[in-house]
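Structure record follows, encoded as structure tokens.
Quick caveat: nothing in here was measured; it's all calculated off a predicted structure. Numbering starts at 1 and runs along the sequence shown.
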Amino acid sequence: MTTIIRGGTVVNADRAFRADVLRYGDKIVAVGESLDAPASAKVIDAGGQYVMPGGIDTHTHMNLPFMGTVTADDFFTGTAAGLAGGTTTIMDFVIPAPRQSLIEAYHTWRGWAAKSAGDYTFHVAVTWWDDSVHADMGTLVREHGVNSFKHFMAYKNAIMADDETLIKSFSRAWELGALPTVHAENGELVFQLQQELLKKGMTGAQAHPLSRPPAVEAEAANRAIAIAGVLNTPVYIVHVSCAEALDAITRARANGQRVYGEALAGHLLIDDSVYRHADAAYVAGHVMSPPFRGKQHQAALWHGLQSGNLQTTATDHCSFCAEQKAAGRDDFTKIPNGCGGVEERMAVVWDAGVNSGRLTPSEFVRVTSTNAAQIFNMYPRKGVIAVGADADIVVWDPQGTRTISARSQFAKGGFNVFEGRSVRGIPTTTVAAGNVVFHGGALTAQEGAGRYVERPAFAAVSAR
Ligand code: URP
Ligand code: ZN
Ligand code: ZN
Ligand code: ZN
């Protein structure tokens, strides 16, 4: 059985053009005007719509055990929610506990992820260091298709990587042709600010952003970039939330350093007024790190995407329900950090990006899919509508509208940081690995249908 998507405008990162798209098996087999298709082919009418590569969310946490609980979305519900929003691949994180073997953690996450409805791949966190970590990084790159390693510069007394770990791991990643990535916040500074706030009696969720001001993020971003510069490694900074961290990236790139930055849909759209809301549960629902920032930071992040100094958009989808957030009712440092968004990213970035004229449709494709595929070595299997690419396709109605609400979302957790926001530009059909998994509002995602995506190492490592 083949599928033909007829009459739409294909949008790739480099150009947009009128074409039909023919799918056979899990691949795109033809792209062109007025294509012939077998009489038995399933026809999807894309008249008046865009046909784009499925979204890649470079940053999610499904089924994550974190801060004493486990995220509301598992790999099935989380990837299914992504498919409903036009995201066909997620990049999730294996996060070994300190002293835990990386390989053991990797296999644990692979087990959890087997129920995914959409394709998935893993960054692996380096949370501690010894010779076994050095060896395991090699095994992960050579045998398991891992080409990016994550370092949390925050979360002291838990998963924080100290400078020794950063330096040794960045060097090892370079040897292996893998990309080091960082959560840039100075974890010691966060810890000390948290203790001071608690001592002053500021125990509520409103204190969360005060413990993580922009300078905390900027210091870590500058430090990671400096370490990467000395070691001559590239570095990718996840969830860049503030102008100061973006400035560090922009400066380094202008100096010729290979530094990448990721913006979250939440940080692009939501400002810090959410922390001044009277309802403590509402405030706790917005507790994530780095926190939401003042409006001037959102403007800076959009400029980062427009200028190319930020390359990807993600969500950091890490949802917790109200009962889980309530664990920190009397101590904000115990509120599980994280918010959702995997289902909404494409629509809110389109609405605020393309409808406003900040991004062209091709630039939208670049920052929601193509750049991620290229930076993390999945291109051209992912990130493009072309012959031979995976049939991961979203048919996009630029005039379709929707009002976002936790009441109608597929994701779990019962909360939505984009609650009440109306968007124009929505997916009408999502095709993942050749299967129609979302059409006309109905989600038909299949548990276990997602595939693990191996990502080979970069460059000719043998030359090093
Ligand atoms: O608050 C957040 N971002 N939670 C998820 C873990 C992380 O730091 O990415
Ligand atoms: Zn193995
Ligand atoms: Zn993070
Ligand atoms: Zn994260």
Side-chain angles (χ1 to χ4, degrees), residues 58-59 61 91 93-103 105-106 122-141 146-192 212 214-242 244-249 251-253 255 257-262 289-290 316 337 375-376 457-458 461 464:
T58 50
H59 189 150
H61 302 281
M91 305 190 72
F93 294 81
V94 172
I95 307 182
R99 315 309 302 176
Q100 187 187 13
S101 141
L102 271 60
I103 301 289
Y106 167 82
F122 287 116
H123 314 278
V124 176
V126 176
T127 56
W128 60 291
W129 192 262
D130 79 356
D131 287 347
S132 74
V133 177
H134 180 276
D136 284 356
M137 287 174 73
T139 305
L140 288 166
V141 172
V146 172
N147 73 6
S148 50
F149 291 96
K150 172 73 175 290
H151 307 81
F152 291 92
M153 298 172 79
Y155 306 121
K156 177 178 152 85
N157 297 329
I159 52 177
M160 183 170 94
D162 59 15
D163 282 359
E164 179 188 358
T165 301
L166 291 178
I167 291 165
K168 291 189 166 158
S169 178
F170 280 27
S171 296
R172 180 61 171 147
W174 183 86
E175 272 174 11
L176 295 164
L179 178 62
T181 78
V182 295
H183 167 136
E185 285 186 304
N186 182 317
E188 185 61 46
L189 202 40
V190 170
F191 181 77
Q192 297 302 334
R212 316 178 94 102
V216 162
E217 182 179 344
E219 185 282 327
N222 277 291
R223 180 158 37 106
I225 289 169
I227 292 170
V230 170
L231 301 175
N232 197 26
T233 66
V235 66
Y236 175 100
I237 303 188
V238 309
H239 52 43
V240 176
S241 76
C242 65
E244 292 85 341
L246 172 59
D247 285 347
I249 295 171
R251 217 167 27 242
R253 289 174 64 85
N255 287 332
Q257 213 176 314
R258 192 182 299 276
V259 179
Y260 302 109
E262 167 191 278
S289 299
D316 200 358
N337 283 207
I375 291 169
F376 292 104
F458 300 94
V461 281
R464 289 183 177 161

To the nearest 0.5 Å, atom CD1 of Ile95 lies from atom CG of Leu102 at 11.5 Å

Quick one: which residue pairs count as a salt bridge (Lys or Arg N to Asp or Glu O under 4.0 Å) with a foot in residues 148-161, not counting sequence neighbours? Lys156-Glu188

Using side chain to side chain contact (heavy atoms under 4.5 Å, CB included) as the criterion, list what pairs up with [X], not counting sequence neighbours.
{"X": "Asn222", "value": "Ala218, Ala248, Arg251"}
{"X": "His134", "value": "Trp129, Arg172, Glu175"}
{"X": "Ala228", "value": "Phe170, Thr233, Val235, Gln257"}
{"X": "Leu189", "value": "Asn186, Leu193, Val216"}

Please name all residues satisfying salt bridge (charged side-chain N to carboxylate O under 4.0 Å, His left out) with Glu219, sequence neighbours left out, ordered by chain then number. Arg223

Residues in salt bridge (charged side-chain N to carboxylate O under 4.0 Å, His left out) with Glu185, at least two apart? Arg212

Any residue meeting ring pair (Phe, Tyr, Trp, His ring centres under 6.0 Å) with Phe191, in chain and number order, not counting sequence neighbours: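 For Phe191, no residue satisfies ring pair (Phe, Tyr, Trp, His ring centres under 6.0 Å) once neighbours in sequence are set aside.
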
For Tyr260, give me all partners under ring pair (Phe, Tyr, Trp, His ring centres under 6.0 Å), at least two apart in sequence or on another chain.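 By the ring pair (Phe, Tyr, Trp, His ring centres under 6.0 Å) rule, Tyr260 matches no residue at all.
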
Which atoms form the tightest heavy-atom contact between Asn147 and Phe376, and what is the distance? ND2-O, 3.1 Å

Please find the pair of heavy atoms, one from Val94 and one from Pro96, that lie closest to each other, and give the distance. O-CD, 3.5 Å

Kindly assign one of parallel, tilted or perpendicular to the pair Phe93 and Phe152, based on the angle between their ring planes and the thresholds 30° and 60°.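 Tilted, since the angle between the ring planes falls between 30° and 60°.
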
Using the test side-chain hydrogen bond (donor to acceptor under 3.5 Å, both in side chains), find all partners of [X] that sit at least two apart in sequence or belong to another chain.
{"X": "His239", "value": "His183"}
{"X": "Ser148", "value": "His123, Arg455"}
{"X": "Asp130", "value": "Ser132"}

Enclosure of Asp131 CG (heavy-atom neighbours >12, cutoff 6.0 Å): no

Under 3.5 Å, is there a donor-acceptor pair between the Asp136 and Thr139 side chains?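 Side chains of Asp136 and Thr139: no pair found under 3.5 Å.
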
